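Encoded as structure tokens, the structure appears first; notes follow it.
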Amino acid sequence: MSGWAPGGALASNVEITAATVQRGDIIQLGGRACRVSDLFQLPQGAKQLLFESGEPLTIHARTRLAAIRMLRRR
């Protein structure tokens with residue numbers, strides 16, 4: 001599913017893994033929407049995500065999460 005967001009961006013629901021997560025992805029954790037501000041590669045395909053709130057989350061190479069990705073309109 002996708003829809004228009006304010007500012008001319010297209011919001012799209014995506015499934016993310018450690019290999020596909022990007023800065024700016026919004027992941028809902030514990031009822032809170034958390035935006036990824038930085039990523040760090042870890043051994044064995046894992047990644048550590050740093051959210052705008054300063055909280056870290058480490059995901060395994062096989063972890064799958066639902067996220068919202070904002071795509072700029074061209």
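Just so we're clear, the structure is a prediction, and the values are computed from it rather than from any experiment.
- Other residues, nucleotides and ligands contribute more than 12 heavy atoms inside 6.0 Å of the CD atom of E15.
- A continuous path of hydrophobic side-chain contacts links V14 to L57 [ILVMFWY only; heavy atoms under 4.5 Å].
- The shortest distance between side-chain heavy atoms of F51 and L29 falls below 4.5 Å.
- At least one side-chain heavy atom of K47 sits less than 4.5 Å from a side-chain heavy atom of V21.
- Summarising the geometry of L42 relative to Q48, their closest heavy-atom pair is CD1-N, 3.8 Å, with the distance given to 0.1 Å.
- The two residues A46 and Q41 make their nearest non-hydrogen contact at O-NE2, 3.2 Å.
- Atom CG of L49 sits about 8.0 Å away from atom CG of L65, to the nearest 0.5 Å.
- For the pair S37 (side chain) and L50 (backbone), a donor-acceptor distance under 3.5 Å is present.
- Pairing each heavy atom of D38 with each of R23, the nearest pair is OD1-NH2, 2.7 Å.
- Annotation for I59 and T17: closest pair CD1-C, 4.1 Å, computed over non-hydrogen atoms.
- Salt bridge D25/R35: absent, no basic N to carboxylate O contact under 4.0 Å.
- The pair E55-R32 meets the salt-bridge criterion, with a side-chain N (NZ, NE, NH1 or NH2) lying under 4.0 Å from an Asp/Glu carboxylate O.
- By the rule that hydrophobic residues join a cluster once side-chain heavy atoms approach within less than 4.5 Å of another member, I16 and V36 end up as members of one cluster.
- Across all non-hydrogen atoms, the minimal contact from A18 to G45 is CB-O, 3.3 Å.
- Atom CG of L10 sits about 12.0 Å away from atom CZ of R69, to the nearest 0.5 Å.
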